There are 4 protein chains.
Amino acid sequence: MTNVNGVSGEYLRSYIERIERLEEEKKALADDIRDVFAEAKGNGFDTAIMREILKQRKKDASELEEAEYLLDVYKRAIGMLPELDEENV
Amino acid sequence: MTNVNGVSGEYLRSYIERIERLEEEKKALADDIRDVFAEAKGNGFDTAIMREILKQRKKDASELEEAEYLLDVYKRAIGMLPELDEENV
Amino acid sequence: MTNVNGVSGEYLRSYIERIERLEEEKKALADDIRDVFAEAKGNGFDTAIMREILKQRKKDASELEEAEYLLDVYKRAIGMLPELDEENV
Amino acid sequence: MTNVNGVSGEYLRSYIERIERLEEEKKALADDIRDVFAEAKGNGFDTAIMREILKQRKKDASELEEAEYLLDVYKRAIGMLPELDEENV
DNA sequence: AACGTTGAAATAGTTC
DNA sequence: GAACTATTTCAACGTT
């Protein structure tokens, strides 16, 4: 095929089309996921909570604890929570 | 299976697991796409250009739809088309 | 000014331009907010936690409790948490 | 003020409150924009059309930038421009 | 007023 | 580690 300034049009086209095909499949899966959420919602489940569960299943326990701990520290710093005294530390 | 406060664990678990499976497949495709870019790059292609080309091709495709939609909106605004109701959608 | 099919161009232009001006100001504020986050980050604060605090200050306490409660119920339903026995309910 | 686990409550509170103030102003502008749309609608204008016009005007503005960017990318790819390094960015 | 749809904002991940 | 892209999330809007 064409070869312009050392660029093989044949190869380039092949790469572009492979990527486009893969992206189509990826989009189809995203639609499937959307459908499952919709079905769950139709059966009375709260999808926001479901998303939270999926997120937590991805993270390991230590990460979650660390995030919660830091949130508490910040809240205490601005008085949204009472300060701990040494006996509780 | 368990039924906690009116929430069916069986159904919920099924939804969660279906979504997790679909997300795995989706991630695999994302990895494939990355591989194609890497291969192209290894063969001397500029991936920034490739991404531009992909963007343009997507835009060209969607611009036709957009143009048709726009035309409809305008026609409807000046009474060349009837207002939408569910039967026409 | 022009009047096409009963549409006053003068009024329309005025509305469009008022909206564009307001959107510019809105964008400027969004940039300011971004800057404050950047500054906080530069001084060692964790912006994700800060966003969480802002979110919680918007919600009232009852909403937060409700969301946490529902999350627990769902987790129990799929066995991510042990079930409560009556004595703890 | 308080200093909890190395987190300065004074600074944190200041950041939080600055952001909350900016977000209030931002929200006020969003309300203003909504009012203009409502007023236009009350005077017989089609807000869908107005939104389309605003979108087009935004697009036209950004398309020039996009075109310039695209030109640069292409020139760089065929060596008509030097590669970027931090001094040129 | 709930629903899905759409557009904007934020987060996460990738690349250089 | 800084910038860019991509994905996810959030909020608004019209619609039913």
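Naming: A, B, ... by sequence-line order, numbering from 1 per chain. Here the structure is a predicted model, which means the values were calculated and not measured. Hydrogens, waters and symmetry mates play no part in the numbers below; they use all other heavy atoms, side chains included.
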Q: For K58(A), answer base if it contacts any base atom (sugar-phosphate contacts may also be present), sugar-phosphate if it contacts only those atoms, and nothing otherwise; contact means non-hydrogen atoms under 4.0 Å.
A: nothing
Q) Can you list every pair that meets ring pair (Phe, Tyr, Trp, His ring centres under 6.0 Å) and has a residue in residues 12-54 of chain A, with sequence neighbours left out? A) Y15(A)-F45(B), F45(A)-Y15(B)
Q: Tell me, please, the opening and closing nucleotides of DNA chain E, 5' to 3', among those with an atom under 4.0 angstrom from a non-hydrogen atom of chain B.
A: dT14(E) to dC16(E)
Q: Not counting sequence neighbours, list each pair that qualifies as a ring pair (Phe, Tyr, Trp, His ring centres under 6.0 Å) and has a residue in residues 48-76 of chain A.
A: none
Q: Take the protein atom CG of L22(C) and the nucleotide atom P of dA12(F), then report the distance between them rounded to whole Å.
A: 16 Å
Q | Partner set under salt bridge (Lys or Arg N to Asp or Glu O under 4.0 Å) for E63(D), not counting sequence neighbours | A | K59(B)
Q: Can you sort out the partners of Y11(B) under ring pair (Phe, Tyr, Trp, His ring centres under 6.0 Å), two or more places apart, ordered by chain and number?
A: none
(Q) At 10 degrees resolution, what angle do the end axes of the helix from dA1(E)-dT16(F) to dC16(E)-dG1(F) form when each is taken over five base pairs? (A) 10°
Q: Round to the nearest Å and state the distance from E23(D) atom CD to dC10(F) atom P.
A: 14 Å
Q.
Please enumerate all residues that pass salt bridge (Lys or Arg N to Asp or Glu O under 4.0 Å) together with E52(A), with sequence neighbours excluded.
A. K55(A)
Q) Is there a side-chain contact between M50(C) and I19(D), using heavy atoms and a 4.5 Å cut-off? A) yes
Q.
Any heavy-atom pair between the side chains of V73(C) and I49(A) that's under 4.5 Å?
A. no
**Q.** Any pair counted as salt bridge (Lys or Arg N to Asp or Glu O under 4.0 Å), so long as it reaches residues 40-51 of chain A, sequence neighbours left out
**A.** none
Q. Touch check for K27(B), heavy atoms < 4.0 angstrom, all strands: base, sugar-phosphate only, or nothing?
A. nothing
**Q.** Sequence neighbours excluded - salt bridge (Lys or Arg N to Asp or Glu O under 4.0 Å) pairs with any residue from residues 14-23 of chain B
**A.** E39(A)-R18(B), R57(A)-E20(B), R13(B)-E17(B)
Q) When the nearest nucleotide of DNA chain F is assigned to A30(B) and to K55(C) on a heavy-atom basis, which residue is associated with the more 5' position? A) A30(B)
**Q.** Value in whole Å for how far the P atom of dT5(F) lies from CG of L54(B)
**A.** 13 Å
Q.
For DNA chain E, which residues of residues 32-53 of chain C approach it to below 4.0 angstrom with any heavy atom?
A. R34(C), R51(C)
Under 3.5 Å, sequence neighbours excluded: what are the donor-acceptor pairs made by side chains of residues 26-34 of chain B?
unit_1, atom_1, unit_2, atom_2, d
K27(B), NZ, D31(B), OD2, 3.4
D31(B), OD1, R34(B), NH1, 3.4

Q: Tell me, please, which residues at least two apart from D72(C) pass salt bridge (Lys or Arg N to Asp or Glu O under 4.0 Å).
A: R76(C)
Q | Closest nucleotide among dC10(F), dT7(F), dT5(F) to the Y69(D) side chain | A | dT5(F)
